[in-house]
Amino acid sequence: MTQITSILLALTLLSVLLSLGSNRLVSLVKIMTFQGIIVSLIPLTLLIQEHHGKIGAGNLLIFQAMVIIKGALIPWFLFMALKKVKMRREIEPIIGYHASTFAGLLFILISALIAHRFQINLHDKEVLLLITAMSTLAAGLFLIMSRKKAITQVIGYLMMENGIYLMGSALAKQTHTQYVVEFGVLLDILVAIMIMGVVLHNINSTYDGVDTDELDSLHDLDSNRSLFHRLKG
Amino acid sequence: MLELTILIPLLAGGLIMFVPVQLGRKIMIATGLIHLLLSIATIINGTGPCMSRYFTATPEGLLILLVTSFIFFFISIYAVSYLQETEISSEPIYLGCTMLFLSSMSMVALADHLVVLWIAIEATTLMSAPLIFLHRSRTALEATWKYVMICSVGIALALLGCFLIVLSMDLGGVDVPITFSSLGQVAEQLDPTWLKAGFIFLIIGYGTKMGLAPMHTWLPDAHSEAPSPASALLSGALLNCAFLGVYRGHQLLHQAGLGDFSGNILMSFGLLSMIIAAIFIFDQTGYKRMLAYSSIENMGIIAFGVGVGGLATYGAMLHLIHHSLIKSSLFLSAGNILLGYGSKLIEKTGNMAKLFPKTFTAFFAGFAGISGFPPFGIFISEVLIIMGAFQQGRTLPALIFILALIFIFAGASRLVMKMSFGKFTDDILVEEKLIRVLPSYALLLTSFVLCLWLPDSLYETILSAIATVGGSING
């Protein structure tokens with residue numbers, strides 16, 4: 001079972017790197033579907049590992065719900081949103097795809113250093129779990145900041161959520177992992193996606209394109225009347 | 001019993017979406033009144049909640065509940081008249097969402113469970129997002145997008161903070177319900193390293209919502225794009241609720257003997273917010289943005305006061321009350337100005353003293369109040385915070401604090417002078433009405449009265465609220 005967990009974790013890392021490098025939105029959503037399923041399976045394998053294969057039906061039910069939400073419902077929402085906005089690819093990311101992939105590798109390295117440095121007592125879980133969690137979280141934040149399309153930012157947020165979910169399973173004891181699973185994600189992801197979907201819909205009907213780059217008319221200072229000009233008089 | 005403050009607005013909010021607008025407005029005011037009476041009754045009688053597993057009546061929670069329902073009542077009176085003038089097509093959405101917003105804020109004020117508090121704060125984001133997007137303009141869309149995105153990231157980090165606090169519980173070998181009240185009793189057994197880490201994530205997460213710099217970027221946009229009654233609610237009530245999340249974390253760390261650590265963090269965030277506000281308020285082009293930066297400043301002041309501890313904590317709690325009263329009054333006046341001039345830009349306004357004498361009185365008095373002039377309560381609270389800072393030997397932070405206040409006053413007064421006495425030649429759009437200035441006057445008057453006479457039950461509530469973080473009136 002330990003091996004299965006490790007494989008799943010490695011796959012998660014792979015999906016993180018792939019998502020940072022992919023420029024087509026459809027493939028990005030596909031990667032997120034894959035990642036969602038893997039991430040929701042990891043706590044289950046951890047639980048089986050802990051209890052040597054004996055787990056209750058209630059637990060199984062919750063994990064099934066997680067797989068359905070992360071692996072089916074949310075990707076479905078995302079595909080619907082993609083169809084609606086008729087967007088194929090992220091045209092001009094703020095940070096390029098190669099640089100993003102490289103940044104992803106750096107995140108993994110830094111997470112490994114942090115996990116090693118802090119010598120975190122993980123109740124005999126693997127260190128890889130914490131490394132994966134931290135790099136997924138960082139990569140999600142990175143996607144939010146480095147992409148202009150609203151929908152890519154939502155995907156970045158999703159990835160960050162996945163990272164936090166993994167972090168929860170890495171840090172909490174098994175008795176509390178259950179708890180984390182119940183509360184942490186169910187409400188947040190679903191509702192966030194729905195609301196963002198509504199916002200996306202309205203972006204689309206107000207004017208064309210879902211580019212947050214166009215959403216930059218609110219500024220603090222009038223560009224013609226900068227502070228500098230004012231001080232000069 | 002206490003859960004009624006959550007349930008009544010929730011049910012009314014659901015109902016209001018399906019009834020005619022005229023009836024809906026009446027329901028909103030009635031619910032505001034019932035909510036206010038309930039919170040006053042709770043402060044006086046001290047009734048507890050039924051579901052004590054998840055909710056509790058803490059003094060600081062009750063204080064924020066009272067402030068929230070008090071300003072909600074006056075804002076709802078104003079909103080009825082304001083909405084009639086603006087003729088928003090989606091008024092049922094406004095009415096329903098403000099009610100649900102009130103319900104979620106009551107839930108924040110009463111939450112005891114870590115996760116319930118987190119869910120409630122997330123709910124306030126979701127319920128207030130439609131309010132910001134009410135005008136459906138492109139800029140409103142941008143503001144809403146920023147608000148939802150930035151606050152959701154913040155709230156996700158706050159959840160991580162909750163995980164870390166649970167971890168510190170596991171490592172400390174304690175097994176109690178994950179509520180602030182029961183964690184507080186075993187606080188000294190919690191693992192200190194992870195508790196500190198948890199607090200840092202909590203303050204980043206809830207601090208985003210509270211508008212602490214450098215996570216404040218959503219706040220000026222959201223406050224300037226939302227319709228004025230909604231801005232008043234955001235500034236006067238929502239920011240307090242987010243502050244409650246931070247305050248609960250600080251309480252826990254204080255009980256665990258780490259109060260200095262969290263106090264220093266709060267102080268630095270507070271000072272940074274004030275400095276950022278002082279820089280950006282200087283050359284603002286919109287008056288609602290100016291007020292929004294003033295909110296960032298005031299949240300900074302509250303965080304600073306709580307961080308300093310001692311007498312300053314009492315000052316911070318007073319500041320919280322008076323800031324809510326005065327700032328919501330200012331935003332209501334700003335709504336009248338927006339109706340009158342039809343623009344949010346300062347350069348499109350002017351000569352307010354002649355054209356809108358009633359609004360001018362409220363706006364100018366509010367500005368004097370928010371800058372800390374004596375007839376209003378912020379004067380007392382800021383003096384107490386400065387005295388407290390000197391008492392604790394925090395000389396340099398206190399000096400930065402005073403300097404930031406001076407800069408903010410200088411920057412804002414130039415803009416307010418231009419609005420009040422500058423030239424204006426065009427026609428005005430909507431005349432001011434008494435019903436739209438009375439709520440502002442009432443809020444300002446309350447601030448004034450609370451300076452002269454603080455009811456005993458309120459005084460006791462504040463004292464017991466600050467006692468949990470080691471603050472007292474005697475320094």
Side-chain angles (χ1 to χ4, degrees), chain A residues 118 120-121 123 133 137 140-141 144-145 150 153-154 156-157 160-161 163-165 167-176 179-180 182-185 187-189 191-192 194-196 198-200 202-203 205-207 210 212 214-222 225-231, chain B residues 113-116 118-119 122-123 125-126 129-130 133 136-150 152-153 155-157 159-160 162-164 166-171 175 178 191 193-194 197 201 217 220-222 224-225 279-286 289 292-293 345 347:
Chain A
F118 281 75
I120 296 159
N121 179 11
H123 341 280
L137 188 101
L141 272 175
I144 296 177
M145 290 187 287
Q153 291 185 346
V154 174
Y157 186 70
M160 201 182 103
E161 286 274 9
I164 287 175
Y165 183 71
M167 198 78 125
S169 10
L171 293 180
K173 249 185 201 169
Q174 295 305 336
T175 45
H176 282 113
Y179 189 76
V180 168
E182 279 172 22
F183 277 112
V185 196
L187 175 124
D188 189 46
I189 286 195
V191 181
M194 276 179 189
I195 293 287
M196 285 173 181
V198 172
V199 173
L200 285 174
N202 277 314
I203 293 177
S205 58
T206 318
Y207 51 87
V210 199
T212 50
E214 290 172 20
L215 299 179
D216 67 345
S217 46
L218 292 175
H219 286 295
D220 278 314
L221 302 175
D222 191 344
R225 283 169 56 247
S226 72
L227 193 63
F228 180 65
H229 284 117
R230 178 154 292 281
L231 288 177
Chain B
H113 201 280
L114 252 77
V115 178
V116 173
W118 178 82
I119 291 174
E122 172 72 2
T125 311
L126 298 179
F133 189 50
R136 296 183 186 275
S137 66
R138 188 173 154 164
T139 45
L141 179 65
E142 178 185 341
T144 314
W145 178 256
K146 271 188 188 169
Y147 175 60
V148 172
M149 202 70 213
I150 295 174
S152 299
V153 170
I155 213 81
L157 293 177
L159 182 67
L160 193 57
C162 293
F163 287 169
L164 294 181
V166 172
L167 177 71
S168 79
M169 226 172 88
D170 286 346
L171 292 181
D175 192 20
I178 312 174
D191 183 72
T193 320
W194 289 105
F201 278 102
T217 43
D221 295 345
S224 76
E225 288 309 315
I279 294 170
F280 280 91
I281 214 169
F282 189 69
D283 206 28
Q284 277 307 316
T285 48
R289 291 185 78 85
Y293 272 103
L345 295 178
E347 58 187 12

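So you know, we letter chains A, B, ... as the sequences are listed, proteins then strands, and number each from 1.
How far CD of A/Glu161 is from OG of B/Ser152: 8.5 Å, rounded to the nearest 0.5 Å. Remark: A/Leu137 CG to B/Leu157 CG distance equals 6.5 Å, nearest 0.5 Å. With rounding to the nearest 0.5 Å, the separation of CE in A/Met167 from CG in B/Leu159 is 11.0 Å.
In terms of heavy atoms, B/Val153 sits closest to A/Tyr157 at N-CE1, 3.6 Å. Here the shortest heavy-atom pairing between A/Gln153 and B/Met149 reads O-CE, 3.4 Å. Nearest heavy atom pair, residue A/Ile164 against residue B/Phe163, reads O-CE1, 3.3 Å.
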